[in-house]
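Sequence lines set the chain letters: A, B, ... in the order given, protein chains first and strands last, and positions in each chain run from 1.
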Amino acid sequence: MRETAQAADLLSWYDVHARQMPWRTGPAERAAGARPNPYHVWLSEVMLQQTTVAAVREYFTRFTALWPTVGDLAAEEDARVMGEWAGLGYYARARNLLKCARVVVSDHDGTFPDTREALLKLPGIGPYTAAAIASIAFDRPEVVVDGNVERVMARLHDVHTPLPAAKPELTALAATLTPEDRPGDYAQAVMDLGATICTPRNPACGICPWRAPCAARAAGTAPELPKKTPKKPKPTRQGVAYLALREDGAWLLETRPDKGLLGGMLGWPGSGWAEEVPPHEPPLEADWRDPGGEALHTFTHFHLRLSVRVARVPMGANPRAGAFLPAATFRPSDLPTVMRKAFDLARGAFVDME
DNA sequence: AAACCGGGGTG
DNA sequence: CACCCAGGTTT
């Protein structure tokens, strides 16, 4: 019963302080008993994997404007969706997003399953996302544990075990607090608390609805929790990208293999990336120029220093790699960030060559 | 169990 | 610049 009262305290806070987000139903609609659109909940949760709310907002708005239903998304061409996802990162999410949409249409008549167990079978939906959708969209009392919830639980119970080893313990603690009443709002409330009050640094304990029961607050250890096991340093890799501009304005680009880094995305042909620039040939014979400078980019587990070569090529050019994309269909915004940085570097060089 | 996947924000 | 944040899939 004590736990139920704690959840109720948080829900009272949430009723006043819930963050407004495009994928959430407003307070008035919620009061009228409206449930969130499962398609919106799914799309936002996939976008929010490893990604901040600020970054997701505009992508979510664009996606739902372009594809109002999961059926619309399922019917779209892969390249179109990958292009709209460009810049959001972790591109396997976009490939799984499309797979999932098509399974929902083909196997579930265009309607999302409403249980954690069934959601878990869909591509791109793991333990966290399955629980989040079941809870938020269908108000089921699932235990939803993301990085915010881990931090809140570690502090609430003053857990000093470092992550990721502490994960099972923190999940068990979260389970004891999940209420039968309004579990969907409760799940969002804990995550909002972690995002706005119980922040990684400088937590605002003074205005926290859970300051009374918080063990770390009492012990003065809140700012240093959760503990984490140190991670390995990132190595630096180098490479060269070739940007060929044909007389008619077409650019030489390649679609990267589905597997691996930047899978399924557009990119410039070039060397591989390694500690030293790997031996390689340009994608075609041309008067390649080095404009100088490097595109600097950091991936999940390495830093990249990418230099560029630029050339203007004639209409008959026959590339060994990639294909020319007409100027009318090439949108720099379709490129992942590292490729857009290379483009920005080369663009100045082409202006100088005129 | 460990490795593989981006990008943006902050100090 | 260094550091911080954050799930799913694959091997």
Side-chain angles (χ1 to χ4, degrees), chain A residues 41-59 82 85-100 103 116 119-133 142-154 162-168 170-171 174 187 190-191 194-196 198-203 223-237 256-267 273 294-306 333-342 344:
Chain A
V41 174
W42 163 71
L43 180 60
S44 66
E45 286 300 337
V46 172
M47 286 181 167
L48 287 164
Q49 291 166 7
Q50 315 297 89
T51 308
T52 59
V53 169
V56 165
R57 268 205 157 84
E58 53 188 296
Y59 282 86
M82 297 308 288
W85 194 275
L88 208 47
Y90 288 96
Y91 298 97
R93 291 186 295 169
R95 298 194 304 274
N96 285 329
L97 190 81
L98 264 174
K99 277 190 207 163
C100 182
V103 171
R116 185 190 57 82
L119 287 160
L120 200 45
K121 296 183 194 298
L122 296 170
I125 297 184
Y128 164 75
T129 308
I133 298 173
E142 301 294 347
V143 183
V144 182
V145 183
D146 72 346
N148 288 304
V149 178
E150 287 175 351
R151 185 171 58 255
V152 170
M153 291 302 138
L163 285 168
K167 210 170 172 57
L170 298 173
T171 300
V190 185
M191 293 190 279
T196 64
C198 198
T199 51
R201 287 168 293 197
N202 307 317
E224 65 195 63
L225 296 178
K227 304 276 194 191
K228 310 182 93 169
T229 55
K231 49 191 184 232
K232 318 196 253 191
K234 294 179 183 187
T236 297
R237 298 184 190 172
R256 299 173 61 88
D258 271 356
K259 280 195 204 177
L261 195 69
L262 306 178
M265 298 300 293
L266 276 181
W273 303 338
E294 290 173 323
L296 303 178
H297 191 76
T298 299
F299 291 95
T300 310
H301 52 295
F302 65 93
H303 303 287
L304 177 66
R305 293 169 41 196
L306 186 64
S333 65
D334 284 349
L335 297 171
T337 299
V338 65
M339 298 299 173
R340 198 178 39 69
K341 286 178 181 173
D344 290 343

Problem - Integer-rounded Å distance: B:dG7 C1' and A:Gln50 CD - result: 11 Å
Exercise for the section: Let me know the distance between CG of A:Asn96 and C1' of B:dC5, rounded to the nearest Å. Expected result: 12 Å
Problem - Validation row, ring centre A:Phe299 to ring centre A:His301 under 6.0 Å - result: no
Problem - Atom-pair distance (NZ on A:Lys234; C1' on C:dC3), nearest Å - result: 9 Å
Practice task
Check every atom of B:dG7, C:dC5, B:dC5 against the side chain of A:Thr300 and return the nucleotide holding the closest atom.
Solution key: B:dC5
Practice task
Indicate whether OP1 or OP2 belonging to C:dC4 is found under 4.0 Å from a side-chain N or O atom of A:Lys228.
Solution key: no
Practice task
For B:dC5, take OP1 and OP2 only and decide whether either is under 4.0 Å from a side-chain N or O of A:His301.
Solution key: yes
Problem - Listed nucleotide nearest any side-chain atom of A:Phe299, set B:dG7, B:dT10, C:dG7 - result: B:dG7
Practice task
Classify the nucleic acid contact of A:Gly87 as base, sugar-phosphate or nothing, counting any heavy atom under 4.0 Å across all strands shown.
Solution key: sugar-phosphate
Handout entry: Side chain of A:Thr337 (C-beta onward), nearest among C:dC4, C:dG7, B:dG8
Key = B:dG8
Exercise for the section: Mind calculating the distance between CD1 (A:Ile133) and P (C:dG7) to the nearest angstrom? Expected result: 14 Å
Practice task
Starting at atom CG of A:Leu163, determine the distance to atom P of C:dC4, rounded to an integer number of angstrom.
Solution key: 13 Å
Problem - CZ (A:Arg116) with more than 12 external heavy atoms under 6.0 Å - result: no
Handout entry: Phosphate contact (B:dG8 OP1 or OP2) by A:Thr52 side-chain N/O below 4.0 Å
Key = no
Practice task
Could you tell me whether the phosphate oxygens of B:dC4, OP1 or OP2, come under 4.0 Å of any side-chain nitrogen or oxygen in A:Tyr90?
Solution key: no
Problem - Nucleotide B:dC5, atom P - distance to CG of A:Leu304 in whole Å - result: 13 Å
Practice task
May I ask you to say what A:Arg340 touches in the nucleic acid, namely base, sugar-phosphate or nothing, with a heavy-atom cut-off under 4.0 Å?
Solution key: nothing
Handout entry: Whole-Å distance separating the CG atom of A:Leu261 from the P atom of C:dT10
Key = 16 Å
Practice task
Could you state the atom-to-atom distance from CH2 of A:Trp85 to C1' of B:dG7 in whole Å?
Solution key: 13 Å
Exercise for the section: Please tell me which of A:Gly263 and A:Asn202 maps to the more 5' nucleotide of DNA chain B, matching each residue to the nucleotide holding its nearest heavy atom. Expected result: A:Gly263
Practice task
Identify whether any heavy atom of A:Leu48 sits under 4.0 Å from a base atom; if not, whether one sits that close to sugar-phosphate; answer base, sugar-phosphate or nothing.
Solution key: nothing
Completion exercise
Result for 5'-nearest mapping on DNA chain C, choosing between A:Leu296 and A:Thr129, is A:Leu296
Handout entry: Span that lies between the P atom of B:dC5 and that of C:dC5, in whole angstrom
Key = 23 Å
Fill in the blank from the handout: A:Arg151 has its side chain closest, among B:dG7, C:dC5, C:dG7, to C:dC5
Practice task
Keeping the roles fixed (side chain from A:Tyr59, backbone from A:Ala86), state whether a donor-acceptor pair exists under 3.5 Å.
Solution key: yes
Practice task
Mind checking the CG-CH2 spacing from A:Leu122 to A:Trp42? Nearest 0.5 Å is all I need.
Solution key: 9.0 Å
Problem - Flag if over 12 foreign heavy atoms under 6.0 Å of NZ, A:Lys234 - result: yes
Fill in the blank from the handout: Paired with A:Leu170, the side chain to side chain contact (heavy atoms under 4.5 Å, CB included) test is passed by just one of A:Val145, A:Val152, A:Leu163, namely A:Leu163
